[in-house]
Amino acid sequence: TSPFIAAGIGLNESAFFDIKAGCSGFIYGMTVADALLRAGASNSLLLVGIEALSRMTDWTDRKTCVLFGDGAGAVVMERGEEGQGGILGTSIHGDHSKAMLLHLPAGGTRTPASHESVDQGQHFIKMEGAGVYRSAVSMMAQASLEALARAGMTLDEIDWLIPHQANLRIIESLVRRIGINPERVVVNLDHVANTSTASVPVALDEAVRDGRIKPGDRVLMTAFGAGACYGAAVVQL
């Protein structure tokens with residue numbers, strides 16, 4: 001995807017690459033971007049979270065087709081001086097034992113596309129809903145508390161929580177688990193649905209545009225996705 005975005009916005013001779021980490025891709029990307037900026041490998045960069053899940057959704061499967069949407073969100077990140085906000089702490093993890101909770105059975109190198117795989121619907125998203133729920137809540141809670149600790153902050157110092165917009169039940173359980181005021185949680189899945197990697201940046205953009213999130217606010221972002229990959233980031237805008 002990245003070379004097409006680079007071409008579309010007229011970037012020349014700039015590095016670009018894709019990160020694949022399921023719904024937590026934006027959080028993984030923010031962690032990588034933070035490292036690149038701190039190392040001096042770049043002075044500024046564009047981080048994009050983008051998904052087109054409708055292309056791999058079985059519209060006869062009510063367990064998945066009602067959940068997913070297409071979307072894209074982006075942020076511009078720049079090197080700054082210490083003490084001027086920015087990314088304050090991150091945490092990314094993975095649990096390969098949960099890889100089959102959310103996956104595509106065919107279409108990759110292990111099972112290339114064939115008439116048989118297409119006829120069997122093996123190119124559509126397969127999800128174990130109960131397993132995703134149990135894992136998502138505990139993993140996002142763990143990553144969130146770890147990112148806060150690395151930032152040297154407590155939850156009371158956070159202005160907003162932007163969780164991955166998987167479904168409302170998962171978000172509500174996460175809010176209870178970590179103990180944050182629901183009024184400080186950004187939720188937009190009622191009109192956007194689960195846009196996977198795009199869900200956190202799209203929700204961030206909406207909250208900035210409507211004035212809820214203001215310059216200087218401290219925002220905790222967290223996500224869980226296929227892999228299973230999960231993580232969190234504490235950012236001061």
Side-chain angles (χ1 to χ4, degrees), residues 20-29 49-73 91-95 97-105 124-145 147 155 158 160-207 210 212-213 219-233:
K20 189 173 182 180
C23 300
S24 59
F26 186 78
I27 304 298
Y28 268 58
I50 185 169
E51 290 286 357
L53 294 175
S54 63
R55 276 74 163 175
M56 56 188 79
T57 299
D58 181 356
W59 296 100
T60 67
D61 179 12
R62 296 290 295 175
K63 293 183 295 184
T64 57
C65 71
V66 298
L67 302 176
F68 297 107
D70 299 342
S91 170
I92 55 172
H93 293 279
D95 184 349
S97 71
K98 294 180 171 58
M100 304 310 289
L101 290 179
L102 185 62
H103 71 289
L104 291 177
F124 295 130
I125 295 172
K126 307 296 182 184
M127 183 177 72
E128 184 187 322
V132 166
Y133 170 77
R134 289 192 300 269
S135 299
V137 175
S138 61
M139 288 179 169
M140 287 195 292
Q142 173 195 336
S144 295
L145 296 177
L155 200 58
I158 293 298
W160 294 96
L161 168 66
I162 302 181
H164 169 48
Q165 306 291 305
N167 67 50
L168 190 58
R169 184 171 169 233
I170 288 177
I171 293 175
E172 290 173 340
S173 296
L174 173 65
V175 168
R176 289 194 298 270
R177 175 75 67 94
I178 64 177
I180 192 172
N181 186 337
E183 294 181 356
R184 292 193 285 148
V185 181
V186 177
V187 178
N188 69 347
L189 64 86
D190 56 312
H191 58 276
V192 174
N194 180 355
T195 56
S196 189
T197 305
S199 71
V200 169
V202 168
L204 172 63
D205 178 69
E206 287 190 5
D210 65 25
R212 280 176 291 172
I213 295 181
V219 182
L220 171 62
M221 310 174 192
T222 185
F224 163 95
C229 301
Y230 60 101

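Quantities reported herein were computed from a predicted structural model and do not represent experimental measurements.
Every residue two or more places apart in sequence or in another chain was checked for a side-chain hydrogen bond (donor to acceptor under 3.5 Å, both in side chains) with N181, and none qualifies. For D190, the salt bridge (charged side-chain N to carboxylate O under 4.0 Å, His left out) test picks out no residue, with sequence neighbours left out. Residues that satisfy the side chain to side chain contact (heavy atoms under 4.5 Å, CB included) test with I180, not counting sequence neighbours, are L155, L161, V175, I178, R184, V185. In this structure, H103 has no side-chain hydrogen bond (donor to acceptor under 3.5 Å, both in side chains) partners at least two apart in sequence or on a different chain. Remark: R169 engages no residue in a side-chain hydrogen bond (donor to acceptor under 3.5 Å, both in side chains) (not counting sequence neighbours). Partners of T197 according to the side-chain hydrogen bond (donor to acceptor under 3.5 Å, both in side chains) rule, which considers only residues two or more places apart in sequence or in another chain, are E51. Scored by the ring-ring contact (aromatic ring centres under 6.0 Å, His included) test, Y230 finds H93 as partners (sequence neighbours excluded). Here A232 pairs with A143, S144, A147, L220, T222 under the side chain to side chain contact (heavy atoms under 4.5 Å, CB included) rule; sequence neighbours left out. In this structure R177 satisfies the salt bridge (charged side-chain N to carboxylate O under 4.0 Å, His left out) test with no other residue, sequence neighbours excluded.
By the 4.5 Å heavy-atom criterion applied to side chains, F224 and C229 are not counted as neighbours. E128 places none of its side-chain heavy atoms less than 4.5 Å from the side chain of L102. Side chains of L53 and I125 form a contact here, defined as non-hydrogen atoms less than 4.5 Å apart. M139 has its side chain within reach of D95: a pair of non-hydrogen atoms, C-beta onward, lies under 4.5 Å apart. Looking at heavy atoms from C-beta onward, L101 lies out of side-chain contact with M127 at the 4.5 angstrom threshold.
Side-chain atoms of S135 do not come within 3.5 Å of backbone N or O of V132 as any donor-acceptor pair.
Taking every heavy atom of both residues into account, N194 and C23 meet most closely at OD1-SG, 4.3 Å. Contact detail for F68 and T64: the closest heavy-atom pair is CD1-O, 3.2 Å. Heavy atoms only, all atoms of each residue included: I27 and A223 are closest at CG1-CB, 4.0 Å. Shown here for C65 and T57, the closest heavy-atom pair between the two residues is CA-CG2, 3.5 Å.
Atoms CD1 and OG, on I92 and S24 in that order, are 8.5 Å from each other to the nearest 0.5 Å. Expressed to the nearest 0.5 Å, how far CZ of F26 lies from OG1 of T195 amounts to 11.0 Å. Rounded to the nearest 0.5 Å, atoms NZ (K98) and CZ (R134) are 9.0 Å apart.
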Requested in this report: Determine, step by step, whether V192 and E206 satisfy the side-chain contact (heavy atoms from CB on, under 4.5 Å) criterion, reporting the C-alpha distance in whole Å, the side-chain angles of both residues, the deciding distance to 0.1 Å, and the verdict.
Outcome: CA-CA 11 Å; V192 174; E206 287 190 5; 3.7 Å; yes

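Applying the salt bridge (Lys or Arg N to Asp or Glu O under 4.0 Å) test to every pair with at least one member in residues 52-64, sequence neighbours left out, gives these pairs: R55-D70.
For CE of M100, the number of neighbouring non-hydrogen atoms (other residues, nucleotides, ligands) closer than 6.0 Å is 12 at most.
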Donor-acceptor contacts under 3.5 Å from residues 198-205 side chains, at least two apart:
unit_1: S199; atom_1: OG; unit_2: H164; atom_2: ND1; d: 2.7
unit_1: S199; atom_1: OG; unit_2: Q165; atom_2: N; d: 3.4
unit_1: S199; atom_1: OG; unit_2: S196; atom_2: O; d: 3.1
unit_1: D205; atom_1: OD1; unit_2: R209; atom_2: NE; d: 2.9
unit_1: D205; atom_1: OD2; unit_2: R209; atom_2: NE; d: 2.6

